[in-house]
Amino acid sequence: MGTVVDAVNKEANGSAPVNKKVTVVFVLGGPGSGKGTQCENIVEHFGYTHLSAGDLLRAEIKSGSENGTMIQNMIKEGKIVPSEVTIKLLQRAIEENGNDKFLIDGFPRNEENRAAFESVTGIQPEFVLFFDCSEEEMQKRLLGRNQGREDDNIETIRKRFNVYMESSLPVIEYYSAKGKVKKIDAARPIGEVFEAVKAIFTPSKVAA
Ligand SMILES: Nc1ncnc2c1ncn2[C@@H]1O[C@H](COP(=O)(O)OP(=O)(O)OP(=O)(O)O)[C@@H](O)[C@H]1O
Ligand SMILES: Nc1ccn([C@H]2C[C@H](O)[C@@H](COP(=O)(O)O)O2)c(=O)n1
Ligand SMILES: [Mg+2]
């Protein structure tokens with residue numbers, strides 16, 4: 001689907017440069033809007049690889065990395081981890097994967113994430129899939145998620161909502177001004193949301 005872009009790593013973070021053509025879709029929306037749930041469906045139907053920035057950061061904590069404690073504290077506070085840490089993890093995951101189509105879920109989360117990713121990797125998203133959902137519904141989902149996440153408690157959830165409103169929505173507005181945002185009403189049941197998602201990923205049949 002669409003154009004491919006050259007992902008050229010400019011030797012940031014001490015890693016080797018990458019020369020790989022990839023298609024990237026950013027999957028954005030508030031905490032609990034259903035990004036991870038729908039990414040799983042997209043992977044199954046459309047052959048993308050799902051990279052969740054939050055999952056990569058949580059794996060980094062578990063791995064005992066030197067940044068683990070800092071990441072854990074920031075996640076507990078609902079704060080955004082410095083871009084260089086998250087970009088390094090995303091970059092490595094893209095490089096190590098044989099696929100050339102990626103859903104990047106929960107990234108970029110603020111202007112620093114966005115600008116640093118573009119300048120380090122050279123990647124522009126094909127488009128941004130935006131799951132729009134009310135805070136009331138997202139809060140209900142997060143409190144019912146039951147996956148043992150340290151940030152799914154009411155105190156951290158409120159902080160995450162504030163960060164989303166103040167830092168993440170402006171990124172969505174940035175891409176919206178470029179005509180790149182495909183907005184989905186994510187407050188509906190999972191199957192209905194996926195029908196809307198499918199319509200975006202299914203190539204349109206143009207008459208010959
Ligand atoms: N459309 C939906 N209707 C009802 N529940 C949903 C819907 N989509 C997802 N859920 C449920 O809501 C919870 C949060 O979904 P999910 O983990 O996909 O959200 P997320 O956007 O990835 O959240 P986070 O940003 O916190 O990672 C899960 O328990 C999931 O099963
Ligand atoms: N770009 C990102 C993405 C995530 N984080 C941290 C902060 C989030 O609250 C947490 C959980 O992310 P989620 O699984 O809800 O997408 O991970 C970050 O710092 N930067
Ligand atoms: Mg998620």
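Nothing here was measured: the structure is a model prediction, and the numbers come from that model. As the structure lists them, so they are numbered: ligands from 1, and atoms in each ligand from 1.
- Between V193 and ligand 1, not a single N/O pair is under 3.5 Å apart.
- The shortest N or O to N or O distance between R109 and ligand 1 is not under 3.5 Å.
- If you look at L142 next to ligand 1, the close heavy atoms, those under 4.0 Å, all belong to the side chain.
- Heavy-atom proximity to T37, at under 4.0 Å, picks out these atoms of ligand 1: 9 (C), 15 (O), 16 (P), 18 (O), 30 (C).
- If you look at F194 and F201, their ring centroids are not closer than 6.0 Å.
- For ligand 1 and R160, the ligand atoms under 4.0 Å from any heavy atom of the residue are 26 (O).
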Test L103 against L51 for side-chain contact (heavy atoms from CB on, under 4.5 Å), laying out the working first.
-> CA-CA 6 Å; L103 300 167; L51 300 178; over 6 Å; no
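- A salt bridge links E111 with R114: the distance from a Lys NZ or Arg NE/NH1/NH2 to an Asp or Glu carboxylate oxygen falls below 4.0 Å.
- In this structure, the separation between OG1 on T156 and CZ on R149 is 10.5 Å, given to the nearest 0.5 Å.
- Of the heavy atoms in Q38, none comes closer than 4.0 Å to ligand 1.
- Under 4.0 Å from ligand 1, not a single heavy atom of S52 appears.
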Does ligand 2 have any N/O pairs with the protein under 3.5 Å, and how far apart?
unit_1: ligand 2; atom_1: 1 (N); unit_2: G106; atom_2: O; d: 3.1
unit_1: ligand 2; atom_1: 1 (N); unit_2: N113; atom_2: OD1; d: 3.1
unit_1: ligand 2; atom_1: 12 (O); unit_2: R109; atom_2: NH2; d: 3.2
unit_1: ligand 2; atom_1: 14 (O); unit_2: R58; atom_2: NH1; d: 3.2
unit_1: ligand 2; atom_1: 14 (O); unit_2: R58; atom_2: NH2; d: 2.9
unit_1: ligand 2; atom_1: 14 (O); unit_2: R149; atom_2: NH1; d: 3.2
unit_1: ligand 2; atom_1: 14 (O); unit_2: R149; atom_2: NH2; d: 3.3
unit_1: ligand 2; atom_1: 15 (O); unit_2: R109; atom_2: NH2; d: 3.2
unit_1: ligand 2; atom_1: 15 (O); unit_2: R149; atom_2: NH2; d: 3.0
unit_1: ligand 2; atom_1: 16 (O); unit_2: R109; atom_2: NH1; d: 3.0
unit_1: ligand 2; atom_1: 16 (O); unit_2: R109; atom_2: NH2; d: 3.2
unit_1: ligand 2; atom_1: 19 (O); unit_2: V81; atom_2: N; d: 2.6

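- Protein heavy atom closest to atom 3 (N) of ligand 1, with residue, atom name and distance, is R141 NH2, 3.4 Å.
- A donor atom on one side chain and an acceptor atom on the other are not found under 3.5 Å apart for S167 and N110.
- K180 contributes a side-chain N or O that, together with a main-chain N or O of P125, makes up a donor-acceptor pair within less than 3.5 Å.
- When only interatomic distances are considered, the shortest N/O to N/O separation between E137 and ligand 1 does not fall below 3.5 Å.
- The distance from ligand 1 to the heavy atoms of P31 drops below 4.0 Å at these ligand atoms: 25 (O).
- Looking at heavy atoms from C-beta onward, D132 lies out of side-chain contact with D185 at the 4.5 angstrom threshold.
- A cation-pi geometry, defined here as NZ or CZ lying under 6.0 Å from the six-membered ring centre and within 45° of its normal, does not hold between K35 and F131.
- In terms of N/O distances under 3.5 Å, ligand 1 is approached by S33.
- Between P189 and ligand 1 there is a heavy-atom distance shorter than 4.0 Å.
- Figure legend: K101 and Y48 shown as a cation-pi pair, the cationic atom lying under 6.0 angstrom from the six-membered ring centre and within 45 degrees of its axis.
- Side-chain N or O atoms of T202 include one that pairs as donor or acceptor with a backbone N or O of K198 at under 3.5 Å.
- For F117 and F107, the distance between ring centers is under 6.0 angstrom.
- Distances shorter than 4.0 angstrom do not occur between any heavy atom of G106 and any atom of ligand 1.
- The distance from the CE atom of M74 to the OG1 atom of T69 is 13.0 Å, given to the nearest 0.5 Å.
- Here the protein heavy atom with the shortest distance to atom 20 (P) of ligand 1 is K35 N, 3.6 Å.
- Side-chain N/O atoms of T23 and E126 include no donor and acceptor closer than 3.5 Å.
- The protein heavy atom nearest to atom 22 (O) of ligand 1 is G36 N, 3.0 Å.
- Distances between N or O atoms of G32 and those of ligand 1 include at least one value under 3.5 Å.
- Counting only heavy atoms of the protein, atom 19 (O) of ligand 1 lies nearest to G34 N, 3.3 Å.
- With a 4.0 Å heavy-atom cut-off, ligand 1 is reached by the backbone of R188 but not by any atom from C-beta on.
- For atom 27 (O) of ligand 1, the closest heavy atom belonging to the protein is R149 NH1, 3.1 Å.
- Looking only at heavy atoms of the protein, atom 28 (C) of ligand 1 is closest to R145 CD, 4.0 Å.
- Around atom CD of E192, more than 12 heavy atoms belonging to other residues, nucleotides or ligands sit under 6.0 Å away.
- A donor-acceptor contact shorter than 3.5 Å is absent between the side chain of S176 and the backbone of E173.
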